[in-house]
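If you read the sequence from its start, that first residue is 1, and numbering goes on from there.
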Amino acid sequence: MDSEQAAVVECSKYTKRVMLKTLLGRSDGGVGLIGQRVVIGGWVKSSREIKKQPATPHSVPAQVVSTKDVTCSEVLQSRIPLLRSIMKVFGAGEYRVREKINVVFQPQPSVSILQVSDGSCVASLQVLVDSALATPCQVMATGTCVLIEGMLQQPSLQGKHIIELQAEKILHLGLVDQSNYPLSKKRLPLESLRDCSHFRPRTTTVASVMRIHNALTWATHGFFQDQGFLHVQVPILTSTDSEGFSEKFVVTTLLNKGKNYDQISSTENAGVSVEAIRASIKEKSKKVEELNRTNSNKEALFAAQQDLKKTQELVSQLETRQKANFGVTIETRKLDFSKDFFARQTYLTVSGRLHLESQACGLGNVYSFGPRFQAVKSESKKSLAETWMVDVEMAFSELEDAMECANDFLKFVCKRISEGYMEDLQFILKRIDKKVMERLQLTLSSSFDRISYAEAIEVLRQVAGKRFQGKIEFGVSLTEEHESYLVDEIYKKPVIIYNHPKGLRPFYVRLNEDGMTVATFDVVLPKVGTVIRGSQSEERFNVLSSRTEALGLQKQQYEWYLDLRRHGSVKTSGFSLMLEPLVLYATGLNDVKDVVPFPRSFGRANN
């Protein structure tokens with residue numbers, strides 16, 4: 001017997017239970033642990049009941065007063081009060097209360113066979129619960145939470161399981177309302193699960209996706225830590241538009257304390273219409289004109305003028321709110337951001353590259369991992385309002401260096417997934433995407449072809465017999481359809497597209513010698529499209545300053561960034577990785593809303 005088989009199963013340090021992965025993830029499937037007593041916890045995924053030998057009925061005395069035989073007439077008298085009264089009238093004998101005979105049938109003993117999962121692995125553990133320990137209705141419902149102590153044993157029934165747990169104690173039961181529990185139905189489509197994202201991790205598919213998501217996260221940290229990068233935080237709240245032309249979420253507290261909003265609300269609640277206020281404005285205007293003509297006292301005239309002014313302001317506010325469908329928005333109200341929390345206009349960050357570059361200019365090679373936000377009104381399967389992004393920045397490096405780093409990073413994380421999460425990949429291979437392993441191996445074994453944006457345009461123009469929806473011309477962004485055709489049909493492997501037109505990329509990227517393109521690149525993968533966007537930053541102060549002016553950007557907003565060029569400028573390059581598309585690549589799913597715990601997208605933020 002090897003050391004693994006002889007090992008004593010270890011409890012989770014902080015929960016005093018054994019993770020199912022510890023039992024079922026062994027090379028022997030847990031056979032070496034048979035005979036050990038363990039505590040496991042999880043949720044019932046499925047169940048069935050097996051009846052034991054039927055029990056024989058027996059009599060249970062309710063009140064014992066005699067052990068003599070009971071006559072038929074006495075039984076009738078005990079059951080029918082009217083007959084007892086008649087018997088007394090005719091003197092047929094005194095009725096004596098004898099023992100009541102209640103025939104009680106005990107429920108037929110049974111065993112509940114539960115398939116319990118705790119989210120640590122794909123496999124579930126078979127648990128046997130005797131009806132003497134807990135009735136089937138208590139433990140068999142899908143979603144029931146159980147904490148059970150028992151003995152590991154060989155399976156008592158034929159099936160796919162190598163070991164099972166014979167329950168001896170039930171330490172906890174979390175019951176389920178089956179009529180309202182959304183996972184009571186089998187094989188729910190992923191689309192319907194988005195409405196109950198708080199329960200999604202209990203499904204086998206989503207649990208596997210979350211484990212791979214976790215693996216990619218740690219592989220990311222592992223790669224950059226191994227390469228000597230420092231992990232630093234960049235702000236989520238920023239006063240800088242990182243891209244220069246992105247759709248941003250504005251952060252403000254002014255809407256919570258607007259006096260005009262309160263005045264509008266109270267007026268509407270009082271049932272005052274805009275038409276009625278307009279009529280009163282006419283009357284008040286006439287009154288002001290009359291006071292002017294008659295040279296009345298100045299105090300009365302001033303009071304009438306103020307009253308008219310307030311009424312005019314009120315009707316203007318009501319009209320504005322009506323146009324906005326009774327919603328006070330930033331577009332319909334001019335906010336004084338100098339009175340806001342940060343005393344200036346502030347956004348949720350779109351990218352961490354600018355702030356990260358300032359850290360690279362003192363620390364060398366750095367990376368950041370965090371949420372980024374874009375207020376793009378898109379219902380694309382690859383678009384989220386809140387996405388997690390890995391931003392990378394390297395000092396003393398150029399575009400070629402960043403492309404090489406991105407190439408090595410993708411190979412590293414794909415290898416980590418392929419080698420360490422085979423059980424989850426096998427499940428995905430069977431249930432979701434039969435080509436997932438093939439794609440991962442392709443990324444590991446192939447060299448990424450590098451083509452310029454201009455070359456990509458030319459290649460697509462030469463495609464015969466294919467009509468693309470988007471335009472194929474220089475200066476126009478490549479669509480998902482264009483990228484997909486390049487990697488899936490033409491090159492059939494990952495592709496790096498570099499040197500894009502300057503009008504398609506952020507203001508801070510380095511202008512190439514041709515004056516038309518900039519030093520940028522995209523890494524495009526089969527099935528999912530672009531997962532990495534990178535660039536070399538513009539280190540020349542005059543060129544960067546001219547670029548901000550040409551784009552009409554508020555120079556004051558970027559003074560701190562220009563300072564990096566004024567004082568000790570250095571060449572830097574880096575990239576941003578969008579994590580969700582990478583999870584799609586590794587799992588074979590088609591919609592990013594299915595690979596994050598709580599998706600935030602246009603028109604949807606459920607909890």
Side-chain angles (χ1 to χ4, degrees), residues 243 245 376 378 380-383 392 398-411 413-414 433 435-436 438-506 509-536 573-578 580-582 584-586 588 590 592:
E243 301 291 337
F245 52 79
V376 178
S378 170
S380 167
K381 292 183 177 181
K382 297 174 184 176
S383 176
V392 181
E398 299 183 7
L399 186 67
E400 287 286 334
D401 303 310
M403 287 193 285
E404 191 67 28
C405 181
N407 180 90
D408 293 345
F409 167 74
L410 285 176
K411 289 182 180 291
V413 296
C414 287
D433 186 354
K435 294 184 178 181
V436 61
E438 181 182 325
R439 280 199 311 274
L440 292 174
Q441 290 302 321
L442 178 66
T443 305
L444 289 172
S445 60
S446 64
S447 60
F448 296 4
D449 279 357
R450 299 184 183 183
I451 59 173
S452 69
Y453 167 87
E455 290 172 332
I457 292 294
E458 189 60 32
V459 168
L460 290 170
R461 279 176 176 169
Q462 294 177 5
V463 173
K466 170 70 176 177
R467 187 170 184 176
F468 296 100
Q469 293 183 352
K471 290 183 178 181
I472 304 175
E473 59 182 59
F474 193 90
V476 178
S477 293
L478 295 175
T479 65
E480 291 181 8
E481 182 187 22
H482 296 148
E483 293 176 344
S484 176
Y485 197 86
L486 285 170
V487 295
D488 293 330
E489 303 297 333
I490 298 178
Y491 295 96
K492 300 184 185 299
K493 61 179 179 178
V495 171
I496 296 178
I497 303 173
Y498 63 93
N499 286 352
H500 295 79
K502 63 181 181 180
L504 301 180
R505 293 302 153 115
V509 296
R510 195 178 200 278
L511 188 66
N512 289 329
E513 297 302 322
D514 59 14
M516 298 173 59
T517 63
V518 286
T520 58
F521 71 94
D522 292 347
V523 180
V524 187
L525 297 182
K527 183 177 174 62
V528 297
T530 300
V531 295
I532 288 178
R533 296 191 189 278
S535 64
Q536 179 179 340
S573 69
F575 58 84
S576 295
L577 162 81
M578 294 165 280
E580 289 79 15
L582 187 59
L584 289 182
Y585 186 69
N590 296 313
V592 291

* Do S573 and E398 have side-chain heavy atoms sitting under 4.5 Å apart? -> no

* Taking the side chain as every heavy atom from C-beta outward, state whether L478 and L460 have any pair of such atoms under 4.5 Å apart. => yes

* Would you say K493 has more than 12 foreign heavy atoms packed within less than 6.0 Å of its NZ? -> yes

* C405 versus F575, closest heavy-atom pair with distance -> SG-CE2, 3.8 Å

* Structure fact -> For V518 and P501 the tightest heavy-atom approach is CG2-O, 4.2 Å

* To do: Quick one: pull up CG in L525 and CD1 in I532 and give me the separation to the nearest 0.5 Å.
  => 7.5 Å

* **Test side chain to side chain contact (heavy atoms under 4.5 Å, CB included) applied to N590 and L584, step by step** => CA-CA 6 Å; N590 296 313; L584 289 182; 6.0 Å; no

* Asked: Closest approach of A454 and F474, non-hydrogen atoms and distance?
  -> CB-CE1, 4.3 Å

* To do: Would you mind telling me which of V523, V487, I451 makes a side-chain contact (heavy atoms from CB on, under 4.5 Å) with I497?
  => I451

* K471 atom NZ, over 12 foreign heavy atoms within 6.0 Å -> no

* With a cut-off of 6.0 Å (strictly less than), are more than 12 heavy atoms of other residues, nucleotides or ligands near NZ of K435? -> no

* Is it true that the NZ or CZ of R439 lies under 6.0 Å from the centre of Y585's six-membered ring and within 45 degrees of the ring axis? -> yes

* Tell me, with the steps shown, if E455 and E458 meet side chain to side chain contact (heavy atoms under 4.5 Å, CB included). => CA-CA 5 Å; E455 290 172 332; E458 189 60 32; 5.6 Å; no

* Separation of E438 CD from D433 CG (nearest 0.5 Å) -> 9.5 Å

* To do: Decide yes or no on side chain to side chain contact (heavy atoms under 4.5 Å, CB included) for L486 and V495, but give the supporting numbers first.
  => CA-CA 8 Å; L486 285 170; V495 171; 5.5 Å; no

* Asked: Counting distance only, does the side-chain N/O of E481 pair as donor-acceptor with the main-chain N or O of Q469 below 3.5 Å?
  -> yes

* Asked: For the side chain of K527 and the backbone of D488, is there at least one donor-acceptor N/O pair under 3.5 Å apart?
  -> no

* Criterion side chain to side chain contact (heavy atoms under 4.5 Å, CB included) on T530 and M578, from CA distance to verdict -> CA-CA 9 Å; T530 300; M578 294 165 280; 4.3 Å; yes

* **Rounded distance [0.5 Å steps], CG in L440 versus OG in S445** => 10.5 Å

* K411 side, atom NZ; S446 side, atom OG - distance, nearest 0.5 Å -> 5.0 Å

* Would you name the heavy atoms of A406 and F521 that are closest together and state the gap between them? => CB-CE1, 4.0 Å

* Can you sort out the partners of A519 under side chain to side chain contact (heavy atoms under 4.5 Å, CB included), two or more places apart, ordered by chain and number? => L399, R510, N512, Q536

* I490 vs V463 side-chain heavy atoms within contact, under 4.5 Å -> yes

* Taking every non-hydrogen atom, the tightest pair across C414 and T443 -> SG-CG2, 3.8 Å

* Asked: Is the shortest distance from a Lys or Arg side-chain nitrogen in R450 or E404 to a carboxylate oxygen in the other one below 4.0 Å?
  -> yes

* **With sequence neighbours excluded, residues passing ring-ring contact (aromatic ring centres under 6.0 Å, His included) with F409** => F223, F224

* **pair P494-P526: side-chain heavy atoms closer than 4.5 Å** => yes

* Asked: If you take all heavy atoms of G470 and T479, which pair is closest and at what distance?
  -> CA-CG2, 4.4 Å

* **Straight-line distance of E480 CD to K382 NZ, nearest 0.5 Å** => 4.5 Å

* Measure the spacing between CZ of R533 and NE2 of H500 and express it to the nearest 0.5 Å. => 7.0 Å

* Asked: Are L582 and L410 side-chain neighbours, meaning at least one heavy-atom pair lies under 4.5 Å?
  -> yes

* Do side-chain atoms of D514 reach the backbone of M516 as a donor and acceptor pair under 3.5 angstrom? -> yes

